[in-house]
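Before any comments, here is the structure.
Computed from a predicted structure; not experimentally measured.
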Amino acid sequence: MTIGGRERVLVVPRELVPDSASWHGLRFDDMPAFLETVALHGRYRPRDEMEHDPQQKQIIPYLVLRDGERYFLMRRTRAGGDARLFDRWSIGVGGHLNPGDEGLFGGLRREWREELDAGFEPDFTPIALLNDDTTDVGAVHLGVVFVADAAGRPVAVRETDKLSGAFVAPDEVAAGVDQLETWSRIVFEALETSPVAGGPPAP
């Protein structure tokens, strides 16, 4: 949503993120408490200002859709607007939260409807927080990672001129891990190794 031509996005002060977001990767604890923090303390601020304020974290719901063990893998085509993303792969559906979304879950449902063509809405389960302060973009964003299962039901991408998408086995994702966007690579590697996330037990 824009007011006066300026998009407003949901942010939470960095100091309210567990350990002030001083960690990297996925964090599986503190989820209920942090979801409550977002509900109580999240505020909508102009996105153009927040992109340069690392003391605020823009909250991004990030959905990993699976069908059993398979991942819904999306590949960006060269028809998109950002050349940095050409031919990049992603296993995450999500985006900024705006006024009118009715919070984190409402924004995720909107992204589901906008990004994917499916005749159903799955159960969205929040499992982890995602942080990567190693880039300027990552320093001002915080992912809330959700998982959902298509349970054999068909799913397709809506913007077929910009994306292709299909369910693929984990080994196919792993074979192209260097092509994954940064957040997708972090999430995929964690899901495949962490017993907390349902992956194989640690050795």
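With respect to the salt-bridge test (charged N to carboxylate O, under 4.0 angstrom), the residues Arg27 and Asp19 qualify. Between Arg70 and Glu172 no salt bridge is recorded (no basic side-chain N to carboxylate O distance below 4.0 Å). Here Arg110 does not pair with Glu121 in a salt bridge; the nearest charged N to carboxylate O distance is not below 4.0 Å. Under the 4.0 Å criterion applied to side-chain N and carboxylate O atoms, Glu49 and Arg45 are not assigned as salt-bridge partners.
Within 6.0 Å of atom CD in Glu102, 12 or fewer heavy atoms from other residues, nucleotides or ligands are found, so the atom counts as exposed in its surroundings.
Using a distance-only test at 3.5 Å, with no hydrogens or angles considered, a donor-acceptor pair links the side chain of Asp67 to the main chain of Gly152. Using modelled atom types, one side-chain atom of Ser90 and one backbone atom of Gly92 make a donor-acceptor pair closer than 3.5 Å. In this structure, Asp101 contributes its side chain and Gly103 its backbone to no donor-acceptor pair below 3.5 Å. In this structure a side-chain-to-backbone donor-acceptor pair under 3.5 Å is present from Thr193 to Glu189. Of the possible polar contacts, one joining the Asn131 side chain to the Ala21 backbone as a donor-acceptor pair under 3.5 Å is found.
Atom NZ in Lys162 sits 14.5 Å away from atom CE in Met74 (nearest 0.5 Å). For the atom pair CZ of Phe146 and CZ of Phe124, the computed distance is 8.5 Å after rounding to the nearest 0.5 Å. Put simply, CG on Leu26 and CG on Leu129 are 8.5 Å apart, with the number rounded to the nearest 0.5 Å. Remark: Leu116 CG to Leu163 CG distance equals 9.0 Å, nearest 0.5 Å. Rounding to the nearest 0.5 Å places CD of Gln55 at 11.0 Å from CE of Met50. Between the CD atom of Glu7 and the CD atom of Glu51 there is a distance of 9.0 Å, given to the nearest 0.5 Å.
In this structure, the side chains of His96 and Gln58 come closer than 4.5 Å at one or more pairs of heavy atoms. Val157 has its side chain out of reach of Glu159: every pair of non-hydrogen atoms, C-beta onward, lies at least 4.5 Å apart. Two residues are said to be in side-chain contact when any heavy atoms from C-beta on lie closer than 4.5 Å; Arg88 and Gln179 meet this criterion. Here the side chains of Phe72 and Val64 are not in contact, with every heavy-atom distance at 4.5 Å or above. Using a 4.5 Å cut-off on side-chain heavy atoms (C-beta onward), Leu97 and Pro61 make contact.
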*Run the side-chain hydrogen bond (donor to acceptor under 3.5 Å, both in side chains) check on Asp132 and His24 step by step: do they pass?*
CA-CA 5 Å; Asp132 175 23; His24 178 269; 3.1 Å; yes

*Mind running salt bridge (Lys or Arg N to Asp or Glu O under 4.0 Å) on Glu115 and Arg109 for me, showing each step along the way?*
CA-CA 10 Å; Glu115 300 292 331; Arg109 293 186 180 99; over 6 Å; no

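Residues Val144 and Leu104 come closest through the heavy atom pair CG1-CD2, 3.9 Å. In plain terms, the two heavy atoms of Ala150 and Arg153 that are nearest each other are O-NE, 2.8 Å. Residue Pro122 comes nearest to Trp112 through the heavy atom pair CD-CZ2, 3.4 Å, listed as atom of the first residue, atom of the second, then distance. The minimum heavy-atom distance linking Leu142 with Trp183 is given by the pair C-CH2, 3.8 Å. Contact between Ala139 and Asp133 at its shortest, heavy atoms only, is CA-OD1, 3.3 Å. His141 and Lys57 get closest at one heavy-atom pair: O-NZ, 3.0 Å.
In the hydrophobic clustering of ILVMFWY residues, with side-chain heavy atoms under 4.5 Å counting as a link, Phe105 and Val12 come out together. Under the 4.5 Å side-chain heavy-atom criterion for Ile, Leu, Val, Met, Phe, Trp and Tyr, Val187 and Leu63 are members of distinct hydrophobic clusters. Cluster membership check: Ile60 shares its hydrophobic cluster with Ile186, using side-chain heavy-atom separations under 4.5 Å among Ile, Leu, Val, Met, Phe, Trp and Tyr.
Figure legend: cation-pi geometry between Arg8 and Tyr44 absent, as NZ or CZ is not positioned both under 6.0 Å from the six-membered ring centre and within 45° of its axis.
With hydrogens and angles left out, the side-chain atoms of Tyr62 and Glu111 include no donor and acceptor closer than 3.5 Å.
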